[in-house]
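Here is how names work: the chains are called A, B, and so on, in the same order as the sequence lines, proteins then strands, and each is numbered from 1.
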Amino acid sequence: MSYTPSEIEAKWQKQWEEEQAFEPSDSHTQPKKYILSMFPFPSGRLHMGHVRNYAIGDALARYYRKQQFNVLHPIGWDAFGMPAENAAIKHGRHPKEWTYSNIDYMRNELNTLGLSFSKTREFATCDPLYTKHEQKFIIEMFEKGLLYRESTTVNWCESCHTVLANEQVEEGCCWRCDNPVELKEMPGYYLDIIRYADELLEDLAQLEGKWPSQVITMQRNWIGKSQGLAFAFELTEESKAKLGGKFERYEVFTTRPDTIYGVTYSALAPEHPITKHLVDHGLLETEVAEKIKTIANMSEVDRAKREKEGYPLGISVIHPLTGEEIPVWTANFVLASYGGGAVMAVPAHDERDFEFATKYGLPIKRVIEGGEELPYTGSGTLVESGRFSCVESDEAKIAIINYMEEEGKGKGTTNYKLRNWGVSRQRYWGAPIPFVHCPSCGLVPEKFENLPIALPDDVEITGEGNPLENHPTWKHCHCPKCGGEAVRETDTLDTFVQSSWYQFRYATNPKKWEEVGIDKEDADYWLGVDQYIGGIEHAILHLLYARFFTKVLRDLGYHDVDEPFERLLTQGMVLKDGAKMSKSKGNTVDPDALVAKYGADTARLFILFAAPPQKELEWNDSAVDGAFRFIKKLYDRKSKVTGNTLPDIDHGILNKESKLARVKVYEALQKSTEVYEKSFAFNTLIAACMEALNALDKQDDGDVWTEGMYIMLNLLEPIIPHVATELSETLFARANFGGRIEVKEEVFVQESILYVVMIGGKKRTEIEVDPAASQEEILALAKEAGEKWLQGMQVVKEIVVPNKLVNLAVKPS
RNA sequence: GCGGAUGUGGUGGAAUUGGUAGACACGCCAGACUUAGGAUCUGGUGCCUAACGGUGUGGAGGUUCGAGUCCUCUCAUCCGCACCA
């Protein structure tokens, strides 16, 4: 009978469903593996990137299940978010209806791929039950002071009508819709991720070698820790008076306290309160004030692209060590969001300060020796630095910090580039932030017993404004504290909040889902995720947030896990015609069509064979044919099998071809452990199986065939589960899926060994050598075989590499 | 500019500690069979050469009996961050 994937696949998918074959055991005594592919957003249809992601995860889950591990391999839906609302605006569908019907469709698509997911642990993050527990976490974070509300300048995406976190701004544009981001002052909720910056940074060391180094570096840079000195510049009396006594001093931060004697001016961000005060109170020339306002309205990216620009503010500060008067400027290169929005400028030893000073003719004073030209940003001996002259930079940094601390003028400080995580979104399709604004009590969290604060279903989604804000009744409520009339918060949580703890939700036994968000015992058993698989695009966003949440939830007592994802594999993109598959480019390959034509096994085989998982995968239709051909051939060779169990084979009596076939089969078996547990180079394992099948085909021993198929089906089941299970069931009653198969070393023992003979570093000929031959015998044989090339030559060195080659180094005699 | 990665046939990609470069597959060429198929099977296929042989892992050096692999320099491509004081 020929290979009919549709029948075989439907049959086994049904059987797996009936057997509940992929549910983990509730027992916590067995060794476990938690294999997790990043959960999908229910956009409507699966794409090839999903197929790749889940094919990799499924291969690992199935492999470990076969090695007798208790395997958790769950799937769910990252279901809140903008596209649901866009669908509502465009097609008039309710986000909830759109989302859940997409989930139903995509769940079915996943089924046809034969993925071994747990069915009982599936959930969508928009389920009110999920929201309920999340809101509780958020309130607990508020009570711990980790969540706070503040009005500040935020990134605003006009097309998404919402605020974005710093991590969600890419090159000045919205990560989702690519619209330029604007700055806007508005209130919002923030999670104090900076409080965890040090731990997030330090624990990256634990992930070394287990996460791609690229991702670790990106996170390290994103956190951007730097150490230095923070100190205050005291305003001159005259300047204080000019500012109406509103300001006495302002703080600056420097990583180069050793250059402090080289300060020749100070610069404030255009948003700095002092700059604002001067602008707002007409203390600057109108023209200058206008220019400053223009800069302040520009996004950081726009500013970065422009030439340095600044204006003197007509005020001065006093140098804390020299007592000199220093002019204060405002400048477009000073960031409001870092280091207090103010800098000390040392043009001699900083490129930006130099550029600015040169443009505006400000003085430049060298205080570090070294380099021929200025600016010199390296280290060296201090000069013209008062009592610190002649000290080396490194020493001087410490000495100056110490001195400033003793004098009460400054403090050694750590600064981070990382900003606190803004989690409020002015959108409908998200988890409501469970707070109430009470005219008498202020900001009050909801009572736990009132959770979840669920979304109202009867909303009108027009794209204008926040539907929760516009809803006639939803936001009106009573204060949980005083009972008086109050107004509900209408902002919803960033969807990255949901994906920050889903790994714990899966681990929690579904029987407890109603009651608890995370079960401690379950979480401690299952976490960390042994292998996490997903796209590199989450290197910072999701992976940083999830690490942060893990630590916060640990400190709230929910579990004892420090890092959520033990090992991380970042899969490469799926390309066609050299570009990422996308609808707009029209270069997509539809997974459903592929499965319909070839079956899921071929789709999975091709995807794992075409490239190592970490690399980009270029789609190739005819290579898909090749994968299909291999499965057909494998299926066809079932007729060669003569026994129903692993046979005992007397290796000695076999002919050469059969011996070679066994070598190939066992080589594949040897390779499989390393591939499934370490390298994930499925392409090489599949190649090894192809070699084995080719070698089996060149011989006709029934036992060798039986053994070969017995082993190969075991190795291939994680990759092509339907056809492998079908064959294994018919041929071996699935006995070959029982556990690890032992490698028979005797197969690798050879009667003679092929040595390559190299003369003068070049391959010249080959010799067959008895395995027992001594080094002298091998050399004698090699010289005899290589006589032709040795004439007129003198052998100056003889090298024998056991089982490999002989190299004779020669020179003309 | 800073940081990270990658460069191997026509293509995707293989190559323990440095030890026969190009496994496996696609494509291509030739042939067989034929119920004429986008089927199956057999053989060939890095480049130059009629052949002997030479040459070959982005480029240039170096270490070594021996380098895709190690070292130095250099070029190209991709990705991330981007005035972080």
- Whole-Å P distance, B:U8 and B:G58: 6 Å
- Do any side-chain nitrogens or oxygens of A:Arg220 fall under 4.0 Å of OP1 or OP2 in B:C81? no
- Query: Are a donor atom and an acceptor atom from the side chains of A:Ser393 and A:Asp258 found within less than 3.5 Å of each other?
  - Reply: yes
- Task: Give one of base, sugar-phosphate or nothing for A:Glu766, where a contact means two heavy atoms less than 4.0 Å apart.
- Result: base
- Query: Roughly, in whole Å, what's the span from CG in A:Leu335 to P in B:A82?
  - Reply: 11 Å
- Message: Is there a side-chain contact between A:Arg629 and the phosphate of B:C26, meaning an N or O under 4.0 Å from OP1 or OP2?
- Response: yes
- Base, sugar-phosphate alone, or nothing: which one does A:Ala610 contact when heavy atoms must sit under 4.0 Å apart? sugar-phosphate
- Message: Categorize A:Val796 for me: base, sugar-phosphate, or nothing, with a 4.0 angstrom heavy-atom threshold over every strand shown.
- Response: nothing
- Task: Write down the partner of B:C70 under the Watson-Crick or G-U wobble criteria, each distance required to be under 3.5 Å.
- Result: B:G62
- Measure from the side chain of A:Thr217, starting at C-beta and using heavy atoms only, and say which of B:G4, B:C65, B:A39 lies closest. B:G4
- Query: Base, sugar-phosphate, or nothing: which does A:Phe609 touch, judged by heavy atoms less than 4.0 Å apart?
  - Reply: base
- Item | Nucleotide nearest A:Glu691 when distance is taken to its side chain, options B:U20, B:C24, B:G4 | B:C24
- Are the ring centres of A:Tyr311 and A:Trp329 closer than 6.0 Å? no
- Task: Using whole Å, report how far CG of A:Asp625 lies from P of B:U11.
- Result: 21 Å
- Query: What is the nucleic acid contact for A:Lys804, judged by heavy atoms within less than 4.0 Å: base, sugar-phosphate only, or nothing?
  - Reply: sugar-phosphate
- Message: Between B:G59 and B:C75, how far apart are the two P atoms, rounded to whole Å?
- Response: 15 Å
- Message: Using whole Å, what does the distance between atom C1' of nucleotide B:C81 and atom CD1 of A:Ile216 come to?
- Response: 17 Å
- Rounded C1' spacing from B:C41 to B:U34 in Å: 12 Å
- For B:C78, what is the paired nucleotide under Watson-Crick or G-U wobble rules, both distances under 3.5 Å? B:G4
- Toward the 5' end of RNA chain B, by each residue's nearest nucleotide, A:Leu805 or A:Leu808: A:Leu805
- Would you indicate, yes or no, if B:A25 has its OP1 or OP2 atom less than 4.0 angstrom from a side-chain nitrogen or oxygen of A:Asn694? yes
- With a 4.0 Å cut-off, would you call A:Arg662 and A:Glu745 a salt bridge? no
- Task: State the pairing partner of B:U57; accept Watson-Crick or G-U wobble contacts with both distances under 3.5 Å, and report none otherwise.
- Result: none
- Message: Only pairs with both distances under 3.5 Å count, Watson-Crick or wobble alike; so what is the partner of B:A85 in this structure?
- Response: none
- So what does A:Ser337 hit on the nucleic acid, given a heavy-atom distance under 4.0 Å: a base, only sugar-phosphate, or nothing? nothing
- Task: Look at all strands and tell whether A:Pro612 reaches a base, only sugar-phosphate, or nothing, counting heavy atoms closer than 4.0 Å.
- Result: sugar-phosphate
- C1' atoms of B:G46 and B:G1, separation to the nearest Å: 40 Å
- Message: Check the phosphate of B:U20 against A:Arg764, side-chain N and O only, distance under 4.0 Å to OP1 or OP2. Yes or no?
- Response: no
- Task: Would you mind pulling out the nucleotide paired to B:C28, Watson-Crick or G-U wobble, both distances under 3.5 Å?
- Result: B:G44
- Message: Work out how far the C1' atom of B:A15 is from that of B:A23, and round it to whole angstrom.
- Response: 8 Å
- Message: Between B:U72 and B:G56, how far apart are the two P atoms, rounded to whole Å?
- Response: 23 Å
- Message: Quick check on the 6.0 Å ring-centre criterion: do A:Tyr265 and A:Tyr360 meet it?
- Response: no
- Decide if the gap between the ring center of A:Phe496 and the ring center of A:His542 is smaller than 6.0 angstrom. no
- Query: Is the distance between the ring centroids of A:Phe233 and A:Phe231 under 6.0 Å?
  - Reply: yes
- Message: Within the 4.0 Å heavy-atom criterion, would you say A:Asn620 contacts the bases, only the backbone, or no part of the nucleic acid?
- Response: sugar-phosphate
- Message: For the residue pair A:Glu674 / A:Tyr676, report whether a side-chain donor-acceptor contact shorter than 3.5 Å exists.
- Response: no
- Item | Short side-chain N/O contact from A:Lys417 to OP1 or OP2 of B:C84, under 4.0 Å | no
- Taking any strand in view, what nucleotide pairs with B:A39 in a Watson-Crick or G-U wobble way, both distances under 3.5 Å? none
- Task: May I ask you to decide if A:Ile368's main-chain N or O and A:His349's side chain share a donor-acceptor pair within less than 3.5 Å?
- Result: yes
- Around A:Glu787, counting heavy atoms of other residues, nucleotides and ligands shown, do more than 12 lie under 6.0 Å from its CD? no
- Note on the structure: In whole angstroms, the gap separating P of B:A5 from CH2 of A:Trp211 amounts to 17 Å
- Under a 3.5 Å limit on both distances, the Watson-Crick or wobble mate of B:A21 is none
- Query: Quick one: is B:C83 close enough that its OP1 or OP2 comes under 4.0 Å of any side-chain N or O from A:Lys308?
  - Reply: no
- When A:Gln214 and A:Asn683 are each assigned the nearest nucleotide of RNA chain B, the 5'-most assignment goes to A:Gln214
- When the distance from CD of A:Gln670 to C1' of B:U16 is rounded to whole Å, what number comes out? 12 Å
- Span that lies between the C1' atom of B:G22 and that of B:A30, in whole angstrom: 22 Å
- Task: Whole angstrom is fine here: how far is it from CZ in A:Arg352 over to C1' in B:C2?
- Result: 13 Å
- Where the side chain of A:Ile799 is concerned, which of B:G19, B:U20, B:A85 is the nearest nucleotide? B:G19
- Task: Starting at atom CZ of A:Arg256, determine the distance to atom P of B:C83, rounded to an integer number of angstrom.
- Result: 20 Å
- Considering only atom P, compute the distance from B:A67 to B:C29 and round it to an integer number of Å. 37 Å
- Item | Closest nucleotide among B:G19, B:C84, B:A15 to the A:Val801 side chain | B:G19
- Message: Please classify B:G9 as syn or anti, treating any glycosidic angle within 90° of 0 as syn.
- Response: syn
- Task: Could you please name the option among B:G53, B:A85, B:A39 that lies closest to any side-chain atom of A:Lys788?
- Result: B:G53
- Message: Using OP1 and OP2 only, check whether a side-chain N or O of A:Ser622 sits under 4.0 Å from B:G38.
- Response: no
- Using atom CD of A:Glu537 as one end and atom C1' of B:C79 as the other, report the distance to the nearest whole Å. 12 Å
- Query: Between A:Lys664 and A:Glu691, is the closest basic N to carboxylate O distance under 4.0 Å?
  - Reply: yes
- Touch class at under 4.0 angstrom, heavy-atom based, for A:Gly626 against every strand present: sugar-phosphate
